[in-house]
Amino acid sequence: MAEEVQGQAAEDSDSSESSEATIAVHWREEGLLLPPPKFIGQANASDPAILDRFAEENFPECFREYADLLDWDEYWHTTLDTSNAPFWRWFTGGKLNASYNCVDRHLAKHKNKAALIWVPEPEEAPHVVITYQELYRQVNEFAALLQEAGVKAGDRITLHMPMVPELPVTMLACARLGAIHSQVFGGFSGGACGHRIADSGSKILITMDSYYRSGAVQDHKVKADEAVEAARKEGTEVEKVLVWRRFPGQYSSETPMVEGRDFFVDELLADHRGAVVAPVSMDAEAPLFLMYTSGTTGRPKGCQHSTGGYLAYVAGTSKFYQDIHPDDTYWCMADIGWITGHSYIVYGPLSLGTTSVIYEGTPNYPDAGRPWRIAERLGVNIFHTSPTAIRMLRKVGPDEPAKYDFNFKHMTTVGEPIEPEVYRWFYNSVGKGKAVIVDTYWQTETGGFIGTGLPAMNPMKPGSCGPAALGIYFDIKDEDGESIPKGSGKAGNICVRNPWPGVFETIWGQPDRFVSTYFAKYNKDPDSKDWHDWPYFAGDGAVQAEDGYYRILGRVDDVINVAGHRLGTKELESSALGVEEVAEAAAVPVIDDVRGRAVEMYIALKPGIEPSPEIEAKVKKAIETDIGKIARPQNIWIVPDMPKTRSGKIMRRVIAATSNFADVGDITTLANPEIVEQIRHQVQNAKHARGEVPRQLTEAEEAEIKSFGAES
Ligand code: WTA
């Protein structure tokens with residue numbers, strides 16, 4: 001590795017030029033950090049032979065190595081089937097069950113080992129340890145309950161659950177029966193859950209009555225009623241709502257149960273004590289779950305993940321990139337309601353038989369020392385989180401980690417680009433200079449990491465995710481489809497040239513959108529059955545440095561990444577438009593030092609209606625109800641009119657520049673250029689008055705803001 005490090009002279013890419021098809025990028029190259037020898041000595045991947053095994057000439061058979069980490073009921077005959085391109089099928093002919101792989105197969109050797117350790121938010125409440133044996137019991141009993149409720153392979157079941165061990169139990173019970181779970185992030189509103197129920201055609205909703213968040217018990221069952229109602233409006237009737245109780249035997253929601261529709265899980269389980277349900281042997285390509293994510297239209301996309309390919313990919317990446325060994329205590333502080341939690345709290349770690357920690361609450365409750373006390377108490381040695389959480393913990397408790405006796409060997413950051421200064425605090429203060437960090441670039445669609453370094457082999461470079469993951473071949477393309485060479489200082493659209501087992505299979509119910517969003521851009525022959533003709537378009541801007549490392553610059557579409565969560569502008573806007581006084585709405589990102597990006601909403605009112613704080617409040621409320629608190633705009637600006645092109649399209653980049661105090665760029669093509677100055681005055685004066693003037697943007701941030709919404 002030493003030579004590699006010396007090859008990294010600091011370079012300055014200021015001289016780079018941009019053309020129409022590329023974006024110029026200017027930043028300082030960061031120095032490298034090396035993994036400690038102690039880490040290298042114990043790492044799952046420390047022999048460079050692994051790079052040869054995954055070399056492109058060994059594709060796709062290289063991925064057998066991941067699939068061989070699983071137990072198969074029937075071995076596959078074809079590693080990659082491309083006959084229905086780009087709907088790739090992995091390990092065809094193979095059969096397996098995901099619940100068996102995450103639970104049953106560990107019993108022979110590790111039945112008394114902790115599979116899950118649950119940390120409730122109230123600090124005085126004891127931890128709950130669920131051994132593999134106990135997990136096996138709970139999964140089987142709940143699977144028996146579902147079976148009695150008529151659930152069978154292929155059915156979709158919507159889950160809207162908080163961070164409790166009953167959530168993985170529910171997921172694994174569905175998987176045991178071959179039913180497709182669709183967990184909706186618990187913080188999303190009932191309405192958002194309802195759309196996803198209708199989109200997937202679920203007849204059963206599984207929820208919990210309440211949970212703790214920031215010190216208070218939240219009524220969660222109320223959202224189930226809203227969800228059922230919202231789904232009904234779209235023509236889907238939920239037949240059963242199964243309600244887990246946060247405190248079994250005691251109902252802690254204000255919302256009444258609906259006779260004949262709502263059932264307490266703990267009561268029903270009494271009839272299934274000790275039940276054992278044989279795991280259903282599923283085809284490798286059978287869907288394991290749906291995970292909804294935002295795109296550029298209002299309708300969310302149900303990303304369909306497979307059983308065999310997905311499970312193989314998360315097992316392999318958990319082993320080599322998370323460096324999980326069976327005796328590690330691993331804590332991923334994400335929410336299971338996002339893809340990170342599915343892949344790297346539940347399926348990856350459990351398939352490897354490790355101990356996975358689940359924390360119910362917010363990281364800074366009751367104070368910013370909480371995560372470090374949990375780590376100290378449980379002996380966590382692998383810690384996985386997001387830049388937003390790191391920024392927040394750094395801001396409110398920069399000296400907290402030093403007060404606690406915990407030692408990480410490995411840390412992960414995921415979900416958004418991390419600034420080098422924030423990275424360095426994570427490395428020095430949280431990792432105490434002894435832990436390796438992997439910055440993992442991936443998406444809901446990709447199932448698992450696609451850009452990140454092997455922790456014992458690739459030095460760390462703050463701000464870059466590292467090289468492509470094993471078996472992934474990136475290509476950064478310009479708008480004309482030409483590859484942008486490394487070290488050119490130019491950014492373009494990052495693509496993956498080849499299929500990989502973790503990639504989603506389709507968008508549930510929208511196969512054309514799957515092809516048009518992710519593959520059409522750079523495909524030259526729609527009839528081709530050769531994977532080389534179907535590069536995967538990720539929708540992110542990126543640049544590759546001379547050393548081969550990738551730096552991800554953010555979304556190229558008009559999706560806003562708040563705290564690592566993608567929010568579609570269309571979804572936000574249609575929610576605002578639901579308020580009767582609102583005539584037009586435009587959502588834009590503002591740079592936020594904690595959450596990465598926050599949402600600002602501009603609205604124009606119907607003729608004759610006067611702006612008022614009540615209208616602002618209504619819009620905020622509508623967004624909270626339709627999407628959830630996470631999407632709540634930082635500001636709502638009621639403006640006299642929106643800047644528009646002559647064809648009437650709202651120019652979001654002009655508004656985004658205004659909100660961020662950036663240069664509004666060329667406005668000569670606007671139908672109403674005079675409005676720009678008026679809005680600037682209004683918004684920026686108000687921001688000055690509120691003390692919300694942002695810091696100077698970096699050039700990459702400025703480039704993102706100025707191209708936001710790509711209206712032309
Ligand atoms: C962004 C989360 C920079 C990116 C797993 C991507 C990142 C979107 C990183 C996916 C990273 C994710 N560095 N940007 N390490 N990881 N992103 O679907 O824009 O919620 O397209 O999946 O987050 O968000 P999603």
Side-chain angles (χ1 to χ4, degrees), residues 25 183-185 187-188 290-296 300-303 305 310 313-314 317 321-322 332-345 347-348 384-391 411-420 422-423 426 437-453 460-469 472 474 491 493-496 502-504 507 517-518 536-544 549-568 589 595-597 630-631 700-701 704 708:
V25 188
Q183 153 73 5
V184 176
F185 170 54
F188 272 156
L290 306 179
M291 170 63 64
Y292 280 86
T293 191
S294 297
T296 49
K301 301 181 278 196
C303 295
H305 281 286
Y310 170 83
Y313 198 68
V314 296
T317 49
Y321 292 98
Q322 296 293 283
C332 172
M333 206 169 63
D335 195 291
I336 299 176
W338 306 109
I339 191 69
T340 301
H342 274 48
S343 299
Y344 298 111
I345 297 178
Y347 286 114
H384 188 149
T385 190
S386 65
T388 293
I390 303 168
R391 287 183 207 110
M411 306 192 299
T412 301
T413 160
V414 59
E416 31 168 341
I418 181 165
E419 301 73 9
V422 178
Y423 189 107
F426 195 38
I437 299 181
V438 288
D439 179 344
T440 57
Y441 164 62
W442 59 298
Q443 309 175 307
T444 304
E445 294 86 338
T446 69
F449 311 144
I450 55 170
T452 187
M460 296 162 253
K461 181 155 123 184
S464 295
C465 68
I472 299 285
F474 283 137
N493 296 318
I494 192 162
C495 298
V496 186
V503 68
F504 70 141
I507 303 175
T517 308
Y518 300 98
Y536 170 83
F537 171 71
D540 286 309
V543 61
Q544 189 183 21
Y549 277 27
Y550 293 88
R551 182 167 173 134
I552 306 300
L553 304 172
R555 304 290 309 165
V556 297
D557 52 23
D558 52 2
V559 166
I560 306 178
N561 189 332
V562 179
H565 306 313
R566 284 153 61 183
L567 300 173
R595 291 170 294 171
R597 303 289 174 271
I630 188 167
E701 286 166 350
E704 173 195 321
F708 185 73

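The shown structure was predicted, so the numbers you read here are calculated from the model rather than taken from an experiment. Both counts, for ligands and for their atoms, begin at 1 and track the order of listing.
When the side-chain hydrogen bond (donor to acceptor under 3.5 Å, both in side chains) test is applied to T446, no partner is found at least two apart in sequence or on another chain.
With a 4.5 Å cut-off on side-chain heavy atoms, M291 and F504 do not count as touching. At a threshold of 4.5 Å between non-hydrogen side-chain atoms, the residues E416 and R391 count as touching. Side chains of Y441 and T452 form no contact here, defined as non-hydrogen atoms less than 4.5 Å apart.
Under the 3.5 Å distance criterion, with hydrogens and angles disregarded, a donor-acceptor pair is assigned to the side chains of S343 and Y310.
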With side-chain hydrogen bond (donor to acceptor under 3.5 Å, both in side chains) as the criterion, how do T412 and Q322 come out once you've worked through the C-alpha distance, each side chain's angles and the decisive distance to 0.1 Å? CA-CA 8 Å; T412 301; Q322 296 293 283; 3.0 Å; yes
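For ligand 1, the protein residues placed under 4.0 Å by at least one non-hydrogen atom are I339, T340, V414, G415, E416, P417, D439, T440, Y441, W442, Q443, T444, D540, I552, R555, N561, G564, R566.
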